[in-house]
Amino acid sequence: MATTNKGLMEQDLSTLDVSKLTPLSPEVISRQATINLGTIGHVAHGKSTVVKAISGVTTVRFKNELERNITIKLGYANAKIYRCSDPSCPRPACFRSFGSSKEDNPICEECKAGYNLLRHVSFVD
């Protein structure tokens with residue numbers, strides 16, 4: 001499980017056994033979101049705000065939507081969800097999310113241990 005200089009899992013097709021890959025395999029979730037989450041609810045109840053808080057991506061992109069504070073066209077955002085590798089790291093600080101471009105093993109701000117990548121999700125807002 002080597003990493004490249006980008007901090008993502010290496011995908012070497014000569015040694016990769018595709019019959020053993022799952023949606024949670026590190027070689028897969030490092031680069032590709034494997035779970036799609038849709039947000040539903042009443043107008044102006046914070047769906048886009050939640051997606052932005054988790055992914056760091058603003059899904060409201062058009063001037064008309066910004067002016068009226070509503071989402072008209074679908075917006076998309078990907079996020080990687082991590083958990084600290086130190087079992088003594090307190091909850092909820094042991095969990096963290098970043099955008100899709102984040103490396104696979106960033107450092108935990110709470111205890112300075114490394115994070116482990118749990119999921120790579122795609123939001124539809």
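On a predicted model such as this, the values are computed, not experimentally measured, just so you know.
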Among residues at least two apart in sequence or on other chains, which ones pass side chain to side chain contact (heavy atoms under 4.5 Å, CB included) with [X]?
X: Glu110; answer: Cys89, Pro90, Ala93, Cys108
X: Arg68; answer: Asn64, Ile70, Ile72
X: Pro23; answer: Thr34

Quick one: ring pair (Phe, Tyr, Trp, His ring centres under 6.0 Å) pairs with a partner in [range], sequence neighbours left out?
range: residues 85-104; value: Tyr82-Phe98
range: residues 53-81; value: none
range: residues 8-36; value: none

Judged by atom type as modelled, is there a donor-acceptor pair below 3.5 Å linking the side chain of Thr22 to the main-chain atoms of Leu24?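 Present.
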Answer yes or no: is there a donor N or O on one side and an acceptor on the other, between the side chain of Lys102 and the main chain of Lys80, under 3.5 Å?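 Side chain of Lys102 to backbone of Lys80, a donor-acceptor pair under 3.5 Å: no, none is there.
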Got a list of side-chain donor-acceptor pairs under 3.5 Å for residues 113-122, not counting sequence neighbours?
residue: Tyr115; atom: OH; partner: Glu109; partner atom: OE1; Å: 3.2
residue: His120; atom: ND1; partner: Ile29; partner atom: O; Å: 2.8
residue: His120; atom: NE2; partner: Ser100; partner atom: OG; Å: 2.6
residue: Ser122; atom: OG; partner: Asn78; partner atom: OD1; Å: 3.0

If you count heavy atoms of other groups shown closer than 6.0 angstrom to CG of Leu74, is the number above 12?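 More than 12 within 6.0 Å, yes.
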Pairs of donor and acceptor atoms involving the side chains of residues 43-53, under 3.5 Å and at least two apart or interchain, shall be tabulated with distances.
residue: Lys47; atom: NZ; partner: His42; partner atom: O; Å: 2.6
residue: Ser48; atom: OG; partner: Thr71; partner atom: OG1; Å: 3.0
residue: Ser48; atom: OG; partner: Asp125; partner atom: OD2; Å: 2.3

Let me confirm one number: the CD1-CD1 distance from Ile81 to Ile35, rounded to the nearest 0.5 Å.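 Between Ile81 CD1 and Ile35 CD1, I get 7.5 Å after rounding to 0.5 Å.
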Please report the interatomic distance OG1(Thr59) to CD(Glu65), rounded to the nearest 0.5 Å.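 One finds 8.0 Å between OG1 of Thr59 and CD of Glu65.
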What residues, two or more places apart in sequence or in another chain, satisfy side-chain hydrogen bond (donor to acceptor under 3.5 Å, both in side chains) together with [X]?
X: Ser97; value: none
X: Thr15; value: none
X: Asp17; value: Ser19

Is there a chain of hydrophobic side chains (I, L, V, M, F, W, Y, each step under 4.5 Å between heavy atoms) that links Leu37 to Ile54?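 Hydrophobic grouping puts Leu37 with Ile54.
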Residues two or more places apart in sequence or in another chain: which of them pass salt bridge (charged side-chain N to carboxylate O under 4.0 Å, His left out) with Arg83?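 With neighbours one apart ignored, the set is empty.
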